[in-house]
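Below: one structure, written as structure tokens.
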Amino acid sequence: MKAPPPPSGMGFSMPMMKGWVPRRLQPWIYVLTALCFQFSGGVYLGALDEIRGATNFMIEDIMFLLYATLAGMAVWFPMLFRMKFRFTNQQLLCTSAIVIGFCNVITMHSHSMPVLVAVCFIAGIAKIQGTFECMSNIQLWITPKRDFAVFFPVLHIILLTAIECGGWLAAWFGHHFSWEMMHVFTVGTMSFVLLTQIVLCRPFCPMSNRFSLKGTDWQGALLICVTMLLFSYILVYGDYHRWFASQHIRMAGAFALIFAGLTLYRLIHNHYPYVELQMLKCRNVMPILIVVTLAELAFGAEHTLEEILYTEVVGLEELTKESQYMFALPGMFLGIALDLYWLKVQKWKVWKLIGIAFLSIFAYALLMYATVGIGVNIEQYRMAIVLRGFGYGILAPTLMWALDESVPSLEQFFMGLFVFNIIHMYLAGAMGYGFYTTIFSHFLNENMMHYGRQLTLTNLDLSHFNFGEFMGGDYLHSMMLVAIKQVYGYVIWFSLLLASTFLLCDIPAVRTNIRKVPLWPVLVIEYLAGRRK
């Protein structure tokens with residue numbers, strides 16, 4: 001059962017704060033601390049061009065480091081409450097701040113990929129632990145009744161603001177100073193966290209009898225980490241190495257399957273596994289995970305195609321590009337406001353809400369398809385960016401709220417969050433990146449070959465034709481724009497199909513009849529059972 005709401009008192013107070021700190025100021029200090037943790041990380045994509053120029057890393061290398069950070073964040077979810085009930089708030093926040101500070105110092109000075117992968121992974125663990133500790137301490141300030149229809153939208157205001165503003169801030173530092181300055185800034189914010197914890201707070205643990213970490217399946221956690229990194233390596237570097245035509249990808253695939261098998265075996269046969277797979281049998285958990293996967297695949301177009309458009313075709317510098325992405329924030333805030341109205345005020349079902357989110361993705365892809373072209377001002381893309389922000393602002397809190405409603409206990413909810421976030425911000429994101437880069441490359445090569453067949457000596461005036469200028473100028477850009485439009489065409493049909501499905505499922509008669517249709521595994525099992533008899 002979920003924890004009951006706390007008894008009402010004289011007002012919200014935080015027991016970890018020293019008595020002389022004003023009560024009204026206490027939760028805002030933790031909001032600011034949570035923002036400090038969310039602005040931190042291992043690498044910062046806002047300074048992508050500067051990092052590539054200074055380190056000679058490929059874009060695939062930097063993306064892999066990003067997914068290493070996300071892997072650390074995802075894999076630590078089952079440990080969050082255990083750590084909260086084992087250590088004091090000061091120990092958790094100060095340790096997280098120190099770890100992130102050291103990780104950023106190492107990232108500035110090391111160019112070794114194995115070292116950076118480990119550092120980014122550890123930074124992801126510290127980032128999610130610090131953020132959780134802050135938000136769990138002010139949860140009752142946000143919603144005294146522990147109403148997650150309020151808490152998750154408010155939480156995503158902080159998370160999405162930090163994501164968008166963090167990219168812009170990294171680009172601003174890279175433009176005016178150097179890419180290392182974002183890491184210096186992060187070290188400064190972590191110093192601020194340490195100072196506030198030492199001066200304003202005292203040690204406090206909500207459990208009088210500390211939770212023991214004995215029996216934690218650390219071997220299972222390690223297997224999960226290695227498996228996640230191997231799969232992300234395949235998805236990120238797949239297009240660069242020509243997928244399984246390369247020996248690197250074949251070896252990574254073989255090891256990924258081996259480690260995945262070992263991980264499943266340990267999770268199934270261990271008495272106290274790192275994650276209990278029984279959680280997947282809870283009501284609506286599997287449908288939620290499927291929706292998360294489909295949504296991340298749809299949003300993968302934004303991560304990949306817009307980067308190609310703004311960087312390779314339009315040639316925007318990082319600060320201008322990140323300023324363009326900032327227009328997603330108003331859309332996100334509108335989506336979160338709709339979530340609050342839908343889930344908290346009206347308490348409606350989420351079928352139609354998810355359908356509206358996919359309609360927003362459909363409108364985004366349709367607008368980009370109609371707008372992409374040579375000579376288009378970047379201002380004309382801003383409405384599409386607002387629309388994709390609106391869809392993301394709807395889906396992220398809604399699906400997390402639906403997951404909370406589908407599991408019976410708090411511990412299972414955090415195990416569900418582990419699987420949810422592995423798909424949400426890790427595997428499906430990497431899958432979308434690999435998928436869209438591959439089909440974009442396929443369309444680009446196909447278009448160039450098709451157009452090249454039309455170039456014959458009978459159609460060319462060689463005395464007035466500069467082949468080098470032709471191949472490196474408008475020709476290549478036009479081929480890339482055509483390929484981008486082709487990919488957006490598939491996104492239009494994909495998102496429209498998903499939107500139609502969820503809007504139809506909102507109709508009670510349709511939903512009732514769908515539930516009456518048996519799944520094919522049930523039919524197979526019944527058939528085999530009949531044969532045995």
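Treat the numbers as computed from the prediction; the structure is a model and nothing was measured.
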For this session: Might you confirm whether atom CH2 of Trp218 has over 12 heavy atoms from other residues, nucleotides or ligands at distances under 6.0 Å?
Result: yes

Exercise. Do Phe440 and Tyr436 have ring centroids that are under 6.0 Å from one another?
Worked result: no

Problem set entry | Gln38 and Thr131: side chain donor to acceptor below 3.5 Å | yes

For this session: Report yes or no: does Asn104 contribute a side-chain atom to a donor-acceptor pair with the main-chain N or O of Gly101 at less than 3.5 Å?
Result: no

Exercise. Any side-chain heavy-atom pair from Cys165 and Met326 closer than 4.5 angstrom?
Worked result: yes

For this session: Please indicate whether Phe333 has more than 12 foreign heavy atoms, meaning atoms of other residues, nucleotides or ligands, lying under 6.0 Å from its CZ.
Result: yes

For this session: Take atom NE2 of His248 as the centre, draw a 6.0 Å sphere, and report whether it contains more than 12 heavy atoms from other residues, nucleotides or ligands.
Result: no

For this session: Check whether any side-chain heavy atom of Trp243 lies under 4.5 Å from a side-chain heavy atom of Ile234, and answer yes or no.
Result: yes

Problem set entry | Side-chain (Arg388) to main-chain (Tyr364) donor-acceptor, under 3.5 angstrom | no

Exercise. Given side chains that start at C-beta, do those of Val187 and Phe102 come closer than 4.5 Å, heavy atoms only?
Worked result: no

For this session: Check for a donor-acceptor pair, side chain of Lys18 on one end and backbone N or O of Arg202 on the other, with a separation under 3.5 Å.
Result: no

Problem set entry | Pairwise distance CG(Leu169) to CG(Leu319) - rounded to 0.5 angstrom | 10.5 Å

Exercise. Is the backbone N or O of Gln197 less than 3.5 Å from a side-chain atom of Gln90, with the two atoms forming a donor-acceptor pair by type?
Worked result: yes

Exercise. Donor-acceptor pair, Thr371 side chain versus Met368 backbone, under 3.5 Å?
Worked result: no

For this session: Could you please spell out the steps behind the side-chain contact (heavy atoms from CB on, under 4.5 Å) verdict for Glu318 and His175?
Result: CA-CA 8 Å; Glu318 287 294 333; His175 178 80; over 6 Å; no

Exercise. Which pair of non-hydrogen atoms, one from Met190 and one from Ser40, has the smallest distance, and what is that distance?
Worked result: CE-CB, 4.5 Å

For this session: Start with the C-alpha gap between Tyr381 and Val376, add the side-chain angles, then the distance that decides, and say whether side-chain contact (heavy atoms from CB on, under 4.5 Å) holds.
Result: CA-CA 9 Å; Tyr381 298 114; Val376 176; 3.8 Å; yes

For this session: Check the pair Leu32, Phe192 against side-chain contact (heavy atoms from CB on, under 4.5 Å), reporting the backbone distance first and the verdict last.
Result: CA-CA 10 Å; Leu32 185 58; Phe192 166 79; 3.5 Å; yes

Exercise. Would you say Leu316 and Thr311 make side-chain contact, with heavy atoms under 4.5 Å?
Worked result: no

Exercise. How many angstroms lie between CZ in Phe57 and CZ in Phe64, if you round to the nearest 0.5 Å?
Worked result: 12.0 Å

Seminar exercise, completed: OH (Tyr274) and CG (Leu222) are apart, to the nearest 0.5 Å, by 11.0 Å

For this session: Please report the shortest heavy-atom distance between Val491 and Ala298, naming the atom on each side.
Result: CG1-O, 4.4 Å

For this session: Evaluate whether atom CZ of Arg250 has more than 12 neighbouring non-hydrogen atoms of other residues, nucleotides or ligands under 6.0 angstrom away.
Result: yes

Problem set entry | Salt-bridge criterion met for Glu306 and Lys321 (N-O under 4.0 Å) | no

Exercise. Do His183 and Tyr44 make the cut of ring centroids closer than 6.0 angstrom?
Worked result: yes

Exercise. Quick one: does Met332's side chain get under 4.5 Å of Glu164's, heavy atoms only?
Worked result: yes

Problem set entry | Nearest heavy-atom neighbours spanning Leu35 and Ile158 | CD2-CG2, 3.6 Å

Seminar exercise, completed: Between the CG atom in Leu155 and the CD1 atom in Ile138, the distance rounded to the nearest 0.5 Å is 9.0 Å

Problem set entry | Residue pair Asn89 / Cys201, side-chain heavy-atom distance below 4.5 Å | yes

For this session: Keeping the roles fixed (side chain from Thr143, backbone from Gln139), state whether a donor-acceptor pair exists under 3.5 Å.
Result: no

Problem set entry | Glu379, CD: over 12 other non-hydrogen atoms inside 6.0 angstrom | yes

Exercise. Taking everything shown except Met58 itself, do over 12 heavy atoms lie less than 6.0 Å from its CE?
Worked result: yes

Exercise. Side chains of Tyr67 and Leu70: closer than 4.5 Å at any heavy-atom pair?
Worked result: yes

Exercise. Atom CG of Leu66 and atom OG of Ser232: how far apart are they, to the nearest 0.5 Å?
Worked result: 10.0 Å

Problem set entry | Sidechain-backbone polar pair: Tyr325 side chain, Thr320 backbone, donor-acceptor under 3.5 Å | no

Exercise. Step by step, would you call Tyr30 with Met17 a side-chain contact (heavy atoms from CB on, under 4.5 Å)?
Worked result: CA-CA 10 Å; Tyr30 267 62; Met17 286 287 183; 3.4 Å; yes

Exercise. Counting distance only, does the side-chain N/O of Glu133 pair as donor-acceptor with the main-chain N or O of Lys84 below 3.5 Å?
Worked result: no

Problem set entry | No-hydrogen, no-angle side-chain donor-acceptor test under 3.5 Å, Thr437 and Thr304 | no

For this session: Looking only at non-hydrogen atoms, find the nearest pair between Ala34 and Met135 and report the distance.
Result: CB-SD, 3.9 Å

Exercise. Do the side chain of Thr95 and the main chain of Gln91 share a donor and acceptor less than 3.5 angstrom apart?
Worked result: yes

Exercise. Which heavy atom of Trp179 sits nearest a heavy atom of Thr107, and at what distance?
Worked result: CH2-O, 4.0 Å

For this session: Please name the pair of heavy atoms, one in Pro273 and one in Leu267, separated by the smallest distance, quoted to 0.1 Å.
Result: CB-O, 3.6 Å

For this session: Look at the aromatic rings of Tyr240 and Tyr237 and report parallel, tilted or perpendicular, splitting at 30° and 60°.
Result: perpendicular

Exercise. Do any N or O atoms from the side chain of Asn377 and from the backbone of Gln380 form a donor-acceptor pair under 3.5 angstrom?
Worked result: no

Problem set entry | Reported CG-to-CD distance for the pair Leu309 and Gln324, which is rounded to 0.5 angstrom | 9.0 Å

Problem set entry | Whether Phe177 and Phe173 hold their rings parallel, tilted or perpendicular, with breakpoints at 30° and 60° | tilted

Exercise. Are Phe132 and Phe81 near enough that their ring centres are under 6.0 Å apart?
Worked result: yes

